[in-house]
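The next block holds one structure in the form of C-alpha cells; read it before the comments.
A note on names: the letters A, B, ... follow the listed sequences, proteins ahead of strands, and every chain is numbered from 1. None of these values were measured; they are calculated from a predicted model.
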Protein chains: 2
Amino acid sequence: MVSKEKTYSISDLALQFDISTRTIRYYEEIGLLAPKRSNNGRRIFTRKEKTRLQLIFRGKKYGFNLEEIREMIQLFDQDPTGKRQLEKTIEYGQEKVEEVTQRIDELVLIRTEMERLLDDFQEQLITWEDEEE
Amino acid sequence: MVSKEKTYSISDLALQFDISTRTIRYYEEIGLLAPKRSNNGRRIFTRKEKTRLQLIFRGKKYGFNLEEIREMIQLFDQDPTGKRQLEKTIEYGQEKVEEVTQRIDELVLIRTEMERLLDDFQEQLITWEDEEE
DNA sequence: CTTGAAGTTGACGTTAACGTTAATGGTAAA
DNA sequence: TTTACCATTAACGTTAACGTCAACTTCAAG
C-alpha cells in the first residue's frame, strides 16, 4: 500500500495560511521546506509541510529569525539516529527550552510593569472624578 | 534649583548598552528618543533616555518592531493630561496588556511541546541504554 | 597653533524577508 | 485550438534597521 495521504498545491497552502505563494517558495529556497514534486515539476505539500509552517509562524511571532527557526525545525524533525546524536539533540533542546523560559519570564515582567502603570492611571482617574463633583 | 541630574554623552550610552552611536541617532531620527542638546549641538542623555532604551530593547526581544515600540513608549511616557485623554490611554494600555498575555500563553505552549518532544527522546535514550548492556 | 578625540549631519551601502514582474509550461474547459 | 488558469524559474524591487564613510565642528591637551 502506498499510503495515499491528502496533498495540497502551493496555492492551497497559501490560502490556508494567508500568505503568498512567493513566501512558500522562499521558504523552500532557504531550506525550511522540501516538498516533493509531481512529474510535471509542481510542488506537492502534505501534512508534514503544514506542520512545519505552523512551527515557522509560531517562531516568527517571537522574534526568532528564519535561520533560528531552521535550527528548531531540525530539532523537531530530525528523528535522531544514533545514541550520540540523540544525546546532542536533547542537550540542544534543553538549551532552547531555557531560552523560551527566559523570554516568558521577561514578558511577565513587562506585563507587570504595564499593569502597575495602568493602575496608577486608574487612580488618577478616580481622583479626577472625585474632584469633579 | 535647576536639579542637576547626571547626564551622559552618546558614546557613554552606546557603551552602556553595547550598541552603536548610529543606532542611537537612528532612534532619534524615527522619534524614539528626543535628547536635549547642549549649546554646541551635542546630544545630552539622562535617566529618562536610559529608561527608554531599556524599553526599546525589551520590546525588540519579542518581535515588536520599532513602530510598535514607539506606540508603547507613548503609553509609558505620555503623562496624559485631561480626563478623556487619560481614559483613552488606559483603554489602549489594556489592549496592549492583553496582547502580551497572549504572547505569554503561546510561548508557554511552545515550551510544553518542546518539553514533550525532549521527554520522548529521553525515553528513546533509556531504551537504547537498556539494550546496550 | 595643531593635533586628536569625540561630536555633528548627510548620504549611500547592506541584509533579511519577502513583493513583483517577466517569460514560459501544462492542462482542462469552451 | 484558443482561452484561462495555475504552475514554474529567474531576476530585479522594496522596506526596516541599521553600518559605513565623508566632510565638517568643538574643545581640551600638548
Does a salt bridge link B:Lys6 with B:Glu49, judged by any charged N lying under 4.0 Å from a carboxylate O? no
Considering only NZ, NE, NH1 and NH2 on the basic side and carboxylate oxygens on the acidic side, decide whether A:Glu67 and A:Lys60 come within less than 4.0 Å. no
To the nearest 0.5 Å, atom CZ of B:Arg25 lies from atom CG of B:Leu33 at 12.5 Å
Distance check: side-chain N/O of [X] vs OP1/OP2 of [N], anything under 4.0 Å?
X       : N      : result
B:Ser9  : C:dA6  : no
B:Arg43 : C:dT8  : yes
B:Lys60 : D:dC18 : yes
B:Ser11 : C:dG7  : yes
A:Asn40 : C:dT27 : yes
A:Tyr27 : C:dC18 : yes
B:Arg37 : D:dT26 : no
A:Thr23 : C:dG19 : yes

Rounding to a whole Å, what distance do you find between [X]:[atom1] and [N]:[atom2]?
X       : N      : atom1 : atom2 : answer
A:Glu29 : D:dT9  : CD    : P     : 9 Å
A:Ile24 : D:dC6  : CD1   : P     : 15 Å
B:Ile44 : C:dA6  : CD1   : P     : 18 Å
A:Arg22 : D:dA7  : CZ    : C1'   : 15 Å
A:Ile56 : C:dA17 : CD1   : C1'   : 13 Å
B:Leu66 : D:dT15 : CG    : C1'   : 13 Å

For the pair A:Ser9 (side chain) and A:Asp12 (backbone), establish whether a donor and an acceptor sit closer than 3.5 Å, ignoring hydrogens and angles.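 At least one qualifying donor-acceptor pair exists.
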Nucleotide nearest B:Arg42 (side chain, heavy atoms from C-beta), chosen from D:dT25, D:dG19, D:dA17: D:dT25
Given D:dG19, D:dT8, D:dT26, identify the nucleotide with an atom nearest to the side chain of A:Ile10.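 Among the listed nucleotides, the one closest to the side chain of A:Ile10 is D:dT8.
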Scan [X] against the nucleic acid and name what it touches under 4.0 Å (heavy atoms): base, sugar-phosphate only, or nothing.
X       : value
B:Arg25 : base
A:Thr21 : nothing
B:Ile30 : nothing

What I'd like to find out is whether the side chain of A:Arg52 reaches to under 4.5 Å of the side chain of A:Leu32, using heavy atoms alone.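 They are not in contact (no side-chain heavy atoms under 4.5 Å apart), so the answer is no.
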